[in-house]
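In this text, all values refer to a predicted model and were calculated from it rather than measured experimentally.
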Amino acid sequence: MAQLPRVETGRPMAAVGARPAGRARLRRRLSPLAQHVVLAAVAILFMGPFYWMVISGFKDMGEIFARPLIWWPHAFRWQNIGEVLNYPGFPFLRFLWNSVFYAGCVSLGTVLSCAAVGYGFARLHFPGRDLLFAITVSTMLIPGIVIFIPTFVLFKHLGLLGTYAPLICPAFLGNAFFIFLLRQFFLGLPQELSDAARVDGAGEFRIFWQIMLPLVRPALLVAALLSFIWTWHEFFGPLIYLSDRSQYPLSLGLFAFRAQHTTEWNLLMAATTLATLPLVVLFFCTQRSFLAGMTLTGIKGS
């Protein structure tokens, strides 16, 4: 019986083996493309409302409610910005300063208090430390509305209603989330730094202030930015504690602008865009440090 050449029998096996390899290469090439398509679709979905807010601030009232929707105004009404800044009964610049003052003070108080408490839970040893830390973290489970009434009664008896004290003072008493965040970062710092400073005669406060705080600067920036953004959007607290219109932050001022007359939606969208713009600028200016702080916090806390 004649035998087939060996070269002939090897070719089909090589062809069969090449097909899975080619498919794997195709999948590897298509996978990043599919991921970018999904990310772009999600980004467009989330940017849609923001785009509508910004573009509506430069329309007239008729274009906002036109059907079909007008995605690009026929003529940009730049005068809407000027009307917002000079609208009667709506001192935009005053509200803007109130928001900057309010959010800035809360951010400062949050960073100082949470850094000190987080350092104590991470680097100091005292009886009941872990129990106190567990109780502190567990307070995040308590809804804010539960402690709101006792807090309101307390500041009422202190005669501080109608001022920023009830809104700012609690920030200097710490925040459980940021205490946990900064503690995890302090735990990742080498203990040898503190030991060397003690050998050189440094006290605990000096170690904390001059050695440890500069090392956790990325985490401090994360805490400050998150606190600033959350406070910038705060509505319920100023609504309850502030009674003088000149003290309103932007979040409350926009509500008053909508409620005082028939709503002029194009001006309201322009005012909302101006109120959002400082946060956008702040994020883009600190984006690299913010993301680095979030990444380092996760690494240090692991």
Side-chain angles (χ1 to χ4, degrees), residues 102-155 157-158 160 164-191 193-195 197-198 203-238 240-241 290 292-302:
Y102 174 32
C105 290
V106 170
S107 298
L108 177 63
T110 299
V111 169
L112 292 178
S113 60
C114 295
V117 178
Y119 175 82
F121 281 138
R123 314 293 292 191
L124 303 182
H125 300 278
F126 53 89
R129 183 191 67 172
D130 295 338
L131 177 61
L132 287 176
F133 176 70
I135 294 174
T136 301
V137 174
S138 65
T139 59
M140 290 191 290
L141 302 175
I142 303 175
I145 195 65
V146 173
I147 61 175
F148 175 76
I149 295 179
T151 305
F152 179 85
V153 173
L154 172 64
F155 284 109
H157 288 306
L158 293 176
L160 296 176
Y164 272 98
L167 301 172
I168 295 176
C169 289
F172 286 85
L173 302 178
N175 179 289
F177 173 75
F178 293 120
I179 290 173
F180 171 79
L181 184 76
L182 293 171
R183 173 186 178 271
Q184 297 305 105
F185 203 96
F186 279 120
L187 285 175
L189 299 179
Q191 183 64 36
L193 294 175
S194 301
D195 296 338
R198 292 190 183 94
E204 203 64 50
F205 179 78
R206 185 178 181 184
I207 294 173
F208 164 70
W209 190 259
Q210 295 185 353
I211 298 176
M212 293 301 168
L213 273 189
L215 295 177
V216 299
R217 190 176 302 168
L220 296 177
L221 180 62
V222 170
L225 285 178
L226 290 179
S227 177
F228 190 93
I229 292 172
W230 293 345
T231 307
W232 188 273
H233 295 299
E234 176 66 25
F235 176 79
F236 185 70
I240 298 301
Y241 288 113
F290 177 77
M294 293 293 289
T295 304
L296 289 174
T297 301
I299 294 175
K300 295 294 183 181
S302 59

Nearest 0.5 angstrom please: Cys105 SG to Phe172 CZ, how far? 6.5 Å

What class does the angle between the rings of Phe205 and Trp209 fall in, given that below 30° is parallel, 30 to 60° is tilted and above 60° is perpendicular? parallel

Tell me whether the rings of Tyr119 and Phe208 are parallel (<30°), tilted (30 to 60°) or perpendicular (>60°). tilted

Are the side chain of Ser227 and the backbone of Ala224 linked by a donor-acceptor contact shorter than 3.5 Å? no

Which heavy atom of Ala122 sits nearest to which heavy atom of Leu187, and what is that distance? O-CD2, 3.7 Å

Just wondering, more than 12 heavy atoms not from Leu131 lying within 6.0 Å of its CG? yes

Counting only heavy atoms from other residues, nucleotides and ligands, does the tally under 6.0 Å from CZ of Arg129 exceed 12? yes

Shortest non-hydrogen contact between Leu215 and Phe185, atoms and distance: O-CE2, 3.6 Å

To the closest 0.5 Å, what do you measure between CG (Leu226) and CG (Asn175)? 10.0 Å

Closest contact, heavy atoms only, Ser113 versus Ala171: OG-O, 3.0 Å

In terms of ring plane angle, is the pair Tyr241 and Phe155 parallel, tilted or perpendicular, where the classes change at 30° and 60°? perpendicular

Interatomic distance, CD1@Ile179 vs CD@Gln184, rounded to 0.5 Å, equals 12.5 Å

If you count heavy atoms of other groups shown closer than 6.0 angstrom to CZ of Arg217, is the number above 12? no

Check: Val117 and Leu182 side chains under 4.5 Å, non-hydrogen atoms: no

Please report the shortest heavy-atom distance between Ala165 and Pro170, naming the atom on each side. O-CD, 3.8 Å

Rounded to the nearest 0.5 Å, the CZ atom of Phe186 sits from the CG atom of Leu181 at a distance of 10.5 Å

Using the rule side-chain contact (heavy atoms from CB on, under 4.5 Å), only one of Val137, Ile142, Thr136 pairs with Met140; which is it? Val137

Students often mix this up, so state it plainly: with edges at 30° and 60°, are the rings of Phe121 and Phe133 parallel, tilted or perpendicular? perpendicular

Quick check for you: to the nearest 0.5 Å, what is the distance between Leu124 atom CG and Ile207 atom CD1? 9.5 Å

Answer yes or no: is there a donor N or O on one side and an acceptor on the other, between the side chain of Thr231 and the main chain of Ala103, under 3.5 Å? no

Which pair of non-hydrogen atoms, one from Pro238 and one from Glu234, has the smallest distance, and what is that distance? CD-CG, 3.5 Å

Considering all heavy atoms of both residues, which atom of Ser194 and which atom of Met212 are nearest to each other, and what is their separation? OG-CE, 2.8 Å

Interatomic distance, CG@Leu220 vs OG@Ser107, rounded to 0.5 Å, equals 12.0 Å

